[in-house]
Every structure is written in C-alpha cells, then in structure tokens.
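These notes concern the structure reproduced below.
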Amino acid sequence: MPARGFYVTTPIYYISGTPHIGHAYSSVAVDIIARTARAHGPARSLTGTDEHGQKVAQAAEAAGATPQAYVDALAPRWRELQIAYDTRFDDFIRTTEPRHARASLALFERMRANGDVYESVYEGWYCTNDETFWPESKLIDGRCPNPECRRPVEWLSERNWFFRLSAYRDRLLELFRTDPDFLRPQSRYNEMMAVLEGGLDDLSISRSSFDWGIPLPGGGVLYVWFDALINYISALGWPDDPDGRFATFWPGVHVIGKEIARFHTLIWPAMLWSAGLEPPARVFAHGWILAEGEKMSKSLGNVIEPFALAERFGADAVRYFLFREAPFGTDFSISREKLRQRLNSDLGNDLGNLLRRSLAMLDRYRDGLVPEPTAGSIAEGVSDLPARVRDHVLAMRLREGLDEIWNLVTTLNRSIDERKPWELAKAGRGDELDAVLYDLCEGLRWLSILLFPYMPSKATEMWRQLGLSGTPEVRWPDELTWGRLAAGTQTDPGLPLFPRLEPEPDETEA
RNA sequence: GGCUCGGUAGCUCAGCGGUAGAGCGGGGGACUCAUAAGCCCUAGGUCGUAGGUUCAAAUCCUACCCGAGUCACCA
C-alpha cells in the first residue's frame, strides 16, 4: 500500500434509467476494493448519478415536472440500490449539485485558458434520443443508425464549444505504451490502442438547443458526458480542495463497464491534461452479466431484477456469486439456479457448516470457551495469505482473492477430518484437542476479517458468533496475526450462516 | 467488412515451449463434530480444424471454421 490515499469510483448512473444487476455489479466491485483498501490505510470510494442531458429534460416534460423536481424524485431509487447490496460509499455525488457545477465550469475555463477549447458552428443530423450527431452517410433511411433507436433525426445548426482532443493523441499513445496496466483487461486496452492509432477527432462539448445542463457563460450548457466525467474530481472538492481530499486521493482508480472505456481512457485523461491535472491512475472496464448467455433486455423478458434478487438470496450471497463465478472483467452468465448451487455448495456446505461444526464441538467439549493452545497449529501455512488476498483485490483480481480465502476454508475443514477432535476427546488428549479447537476459532476469525469486504453482513455475523467485540472491519496488518484470538473468549453459536435453499418450482434442474 | 478477444474434461475456467490441470457436477470409499454437510479416491479430454517452425507446441507462425465484442456516447 502506498502511503497516499486510495481512491476508487463507480461510473455515475444515468438517473432516468432503471437500476439493474449491472449497476449493482459495478457498485459491489468498488465496495469490495474500497473495504479492502480501508483495512490498510486511507481510502475513499464514490458513486452517484448523472442527471443532465436532453433525455432527462424530455422525460421530465413528459412527466409534467421540472427537470430538477424530476431528478430529485428519481435519485432515491439509486440510493436504495446501494442499501439493497450493502455497499458503503464515502460519497454519493449528483451532477446537479452546486459543487459539481463549480468544478465543471472551472475545468472548462482552464481548458479554454490553455487554448484547447474553441468555438465553432456544428451542423448535422442530430438524434435527440442518443444525443448524437450522425454523419449523413451513417443514416439509414433518414433515421438514426443505432439499431436500438432508429428514430427520425433532425437537422441542427449550433454554435458550440469544441475540445481539441486531437491534439492529445500522441500523449495518449505514450500513456498507453508506458503503462500497459492503465486500462485493463487486455482486450479493452487493445481496442483503445486501435482507436488511438486511427486518430482522434475534436469533440463538441456544449449544447445550445436545450438548457438542462450546466450553464456556460455566454449561453449554452455543457454536453452531458463532458460534465459527467468531472464528477470524479468535483466530489473530491476540486478546485478549491478545502479539505485536502483532492491532494490526498487523486489520481484514483475507475471501475467502469466496458462500453464506456473510450470516455474514461481517451477523453477524460486529455481533459485533465488540458487543465494541468493528472490522468486517472488506472481504469478497469468490466464485462457484462448475461442471462443464460444472452444480453438482458426487456424484449427478451430475461432481465434479472436486482432488488428481487437480493431479496431472495441475500445481498451477501449475490455479492459472492458475482465475484466467484467468473474472472472479474469478462462477461458471464447469471441464473437463479447457478446462484442457488453456489450458495448451497460454497457458502452453506464449505463455509457455513465449518462455522457451525466448529462452534458445536467447542460447545460440547469446552463449554463454548476458546481454549489455550498448547500444541502445534496450522499457523505456518497461512501467514502470507492476507497479503496475497490484498494484492489480488487491489489489483482487481476479485475472483482470485476469493480463491485464496477459500484455501483457508478448505484447510480448516480438512484439518478437522485429519485431527478428529471427537477421538481426541474420547482419548482424553486434552492438549491436542485444545490445539485443534483453537485453530478452528482463530481460522474462523481470520475468515471473518478476510471476507468482510466481500460479504460484510455475514462476516459480521461470524464475528458475533465467535464472541468477538466490535466488527471484523479492522486493520489487517494488526489483526491478521495468528494467535491474536484470546483464550477464554465465550462463543455464541447461532442459526446457520447460509441455510440451504431448495430449488424453486419453476427452476429446471440440471 | 476492418480490428480485438475467446474456442482446453459434462459445466465454469487455469495453464501459454518441455511427459494435459483446478473447482463444480457425476462415480466409489472410510468416518461422524456438522446445514445427509465435511474428508479421501476417481475425469483417460485427438487442448476448434488444417498446415508450418522447433530436439520438443494448448503453449510460437499461417490459413480457415465457430462464438463474442468493437468500430455506432446503455453498468
């Protein structure tokens, strides 16, 4: 861990959309990374909503509300998603907040002062739905070429501000070449390199045909994407930085969906450079969650509803599934059946049952009191586990982090079968029995701490059953030392951590 | 169509120049502390196809087939 602060963000979510499992996925990923980082030093996480743009203005009008009233009514839904998935952010930014407008205008002015912003007339065919200008050649029968849109386009002639993005191509190429980890995974990196090698066009960064956006001096508003990106630094208090947050936490790490890699790795760094600031430290573009191998869509009727999912399986089980099922970064499929199987097998059988059988034996043989270990232990094999988990998580190898943690789960289960506490008890070999029982409790304490970022609620319940005070949200370097668990601790077994789930009636069994 | 990524045991994936691996599922076994959980044993898969380079190729090169993505401002 570097001494400076660790800063990690989700994309800001377009407020008029419907929260779905992909949003939860981004948020949980950032939450896991941030909780792990906090266990080692100063860390901040950020999420929020993107509230400007013509689409929002039109939706508001259709709903008979002012844009501001409209977005105010929608914002709580996005906070609810955070609650449903137990994600905890240090800040939640809305692009309609004054602090964001201030930062956006300041950035715009700095870019202009540096000569990277110029005024020009933009004429062309414009699709309101996509908020995009299309070249004549792309139109299909005079309509928007986006297959999911296909609405009629209109001829617009606007005097707008443009950003000299083309001037930053060489610098971007250098960034990509000198830091191959700047954008991951590799496939996204390759794609952006291809775009760079093809050259960049200047970018229109204001709109004058509608007014729902951050107003510019002299008329017009900032283009929604331009202001959206700035959220990452406006939330840190830039440019005034009264609390020193920007100085401490920027540059940060952005977790995004793969479809917006271009904005985050080409446009955003160039904007920052133009204003004399550092580009983000790293961008991780994750894949999509598919339903049975297909993209979720309303027309296919296969949309997985995030609130119902968390309700049925529990936030922690879904969180676990999302990051155990596939390497972070790739597309993968989700289904209720797969989720149930993971829950029963990994969480119920391996982990939940380990806690239960361990505490049951402690109860039976030692009245639930953690014994004094006087014989050998399994400590040698696990000493470097926390560092391995930390390295994986902070490098966004979230699946590998869980794999490592599960090695300890397996080690503890195996150790029970090998050392056979029931035989030790019958034979009156008290020291050896104490050693086994201590190892189990201490191992479970470790698991509680290591799993806290992934499954905060269940990890806390483990902690409670182990009879520990406080929560498993502790500094890893201090607490993950074998033997810190105090002898004499009174444990408090409870209900099964992950009760077995029976198949749903409509579920097809494999 | 250009470009990118992938095609390895039933499923999900790791390996990426040196005698084919893991988890899950399936099959078998010994136990009993436990959520009929856990533990041990068990997969003989022409590593998409066809060529090539090499003493040696899932592992490098070429062509092709299949799937996905991107080029088109939805996590």
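Chain A is the first sequence line, chain B the second, and so forth, proteins listed ahead of strands; every chain is numbered from 1. None of the values given here were measured: they were computed from a predicted structure.
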Could you tell me whether A:G17 contacts a base, only the sugar-phosphate backbone, or nothing, with contacts defined as non-hydrogen atoms closer than 4.0 Å? nothing
Students often mix this up, so state it plainly: with edges at 30° and 60°, are the rings of A:F176 and A:Y189 parallel, tilted or perpendicular? tilted
Distance check, P atoms only: B:U49 and B:A57, in whole angstrom units. 16 Å
Among the candidates B:G69, B:A75, B:C39, find the nucleotide nearest to the side-chain atoms of A:T410. B:C39
Can you tell me how far C1' of B:C74 sits from CD1 of A:I289, to the nearest Å? 14 Å
The residue, A:V255 or A:N353, whose nearest nucleotide of RNA chain B is more 5′ is A:N353
Ring centres of A:F92 and A:W78 under 6.0 Å apart? no
What is the distance from CD of A:Q341 to P of B:A37, rounded to the nearest Å? 13 Å
Give the dot-bracket string for RNA chain B, reading 5' to 3', where a pair is Watson-Crick or G-U wobble with both distances under 3.5 Å, ( ) marks pairs inside the strand, [ ] marks pairs crossing earlier ones, | marks a partner on another strand, and . marks unpaired. ((((((((.[[[[.)..(..]]]].((((.........)))).....[[[[[..)....]]]]])))))))....
Return the nearest nucleotide to the side chain of A:R356; candidates are B:U35, B:C3, B:G25. B:U35
My understanding is that only residues two or more places apart in sequence, or in another chain, count here; which of them pass side-chain hydrogen bond (donor to acceptor under 3.5 Å, both in side chains) with A:T87? A:Q82
How long is the line joining CD of A:E404 and P of B:A22, in whole Å? 17 Å
For nucleotides 10-13 of chain B, list the nitrogen or oxygen atoms of the protein found under 3.5 Å from its nitrogen or oxygen atoms, one pair per line.
residue	atom	partner	partner atom	Å
B:U12	O2'	A:E325	O	3.3
B:C13	O2'	A:R399	NH2	3.2

In whole Å, what separates the P atom of B:A9 from that of B:U46? 9 Å
Does A:N344 use its side chain to pair, donor to acceptor, with the backbone of A:L501 at less than 3.5 Å? yes
Donor-acceptor contact below 3.5 Å, side chain A:R342 vs main chain A:L347: no
Using atom C1' in both nucleotides, what's the gap between B:C64 and B:C71 to the nearest angstrom? 24 Å
Pair A:R340 + A:E337, salt bridge at N-O below 4.0 Å: no
Integer angstrom distance from the P of B:G1 to that of B:C16: 33 Å
Taking 4.0 angstrom as the limit, do A:R282 and A:D179 come out as a salt bridge? no
Between P on B:C24 and CZ on A:R340, what's the gap in Å once rounded to a whole number? 16 Å
Give the rounded distance in Å between these two atoms: CG of A:D346 and C1' of B:U35. 14 Å
Residue closer to the 5' end of RNA chain B, A:K420 versus A:K258 (nearest nucleotide): A:K420
Could you tell me the separation between the CZ atom of A:R324 and the P atom of B:A22, rounded to a whole number of Å? 15 Å
I want to verify a distance call: between B:U35, B:A75, B:C33, whose nearest atom is closest to the A:P496 side chain? B:U35
Here the pair of heavy atoms bringing A:V56 nearest to A:H52 is CG2-O, 3.7 Å
Between A:K458 and A:F498, is NZ or CZ placed under 6.0 angstrom from the six-membered ring centre and within 45° of the ring axis? yes
Check the phosphate of B:C40 against A:R414, side-chain N and O only, distance under 4.0 Å to OP1 or OP2. Yes or no? yes
Just the rounded figure in Å: distance from P of B:A14 to NE2 of A:H392. 13 Å
Quote, to the nearest angstrom, the P distance that separates B:A36 from B:A75. 44 Å
Decide, for B:A58, between syn and anti: a glycosidic angle within 90° of 0 counts as syn, anything else as anti. syn
Have a look at A:Y25 and say if it touches a base, only the backbone sugar-phosphate, or nothing, with a 4.0 Å heavy-atom cut-off. nothing
Of the listed B:C3, B:G38, B:A75, the closest approach to the A:A194 side chain comes from B:C3
What class does the angle between the rings of A:H23 and A:Y13 fall in, given that below 30° is parallel, 30 to 60° is tilted and above 60° is perpendicular? perpendicular
Using a 4.0 Å heavy-atom cut-off, does A:G257 contact any base of the nucleic acid, only the sugar-phosphate backbone, or nothing at all? sugar-phosphate
By the 4.0 Å heavy-atom rule, please label A:L497 as base, sugar-phosphate, or nothing. base
Can a salt bridge be assigned to the pair A:R464 and A:E461 using a cut-off of 4.0 Å between side-chain N and carboxylate O? yes
Quantified in whole Å, what is the P atom distance between nucleotide B:G44 and nucleotide B:G21? 13 Å
OH of A:Y189 versus C1' of B:C3: gap in Å, rounded? 16 Å
Are any protein N/O atoms closer than 3.5 Å to N/O atoms in nucleotides 5-7 of chain B? If there are, list each pair with its distance.
residue	atom	partner	partner atom	Å
B:C5	OP1	A:N190	ND2	3.3

Could you check whether the rings of A:F284 and A:F328 sit parallel, tilted or perpendicular, using 30° and 60° as the cut-offs? parallel
Using atom P of each nucleotide, how far apart are B:G23 and B:C40 to the nearest Å? 9 Å
Can you tell which of B:C31, B:C39, B:A37 lies closest to the side chain of A:W422? B:C31
Nearest to the side chain of A:R500, heavy atoms from C-beta on, is which of B:U35, B:A34, B:C40? B:U35
Checking contacts here: which listed nucleotide (B:A75, B:C33, B:C24) is nearest the side-chain heavy atoms of A:S345? B:C24
Can you figure out which of B:A75, B:A34, B:U35 approaches the side chain of A:N349 most closely? B:U35
Examine A:F313 together with A:F321 and report whether their ring centres are nearer than 6.0 Å. no
Is there any ring-ring contact (aromatic ring centres under 6.0 Å, His included) pair reaching into residues 402-445 of chain A, and which pairs are they, with sequence neighbours excluded? A:Y320-A:W406
Distance check, P atoms only: B:U35 and B:A43, in whole angstrom units. 32 Å
Of the listed nucleotides B:U70, B:C39, B:A34, the one nearest the side chain of A:E191: B:U70
Run the side-chain hydrogen bond (donor to acceptor under 3.5 Å, both in side chains) test against A:T47 and tell me which residues pass, sequence neighbours left out. A:T10
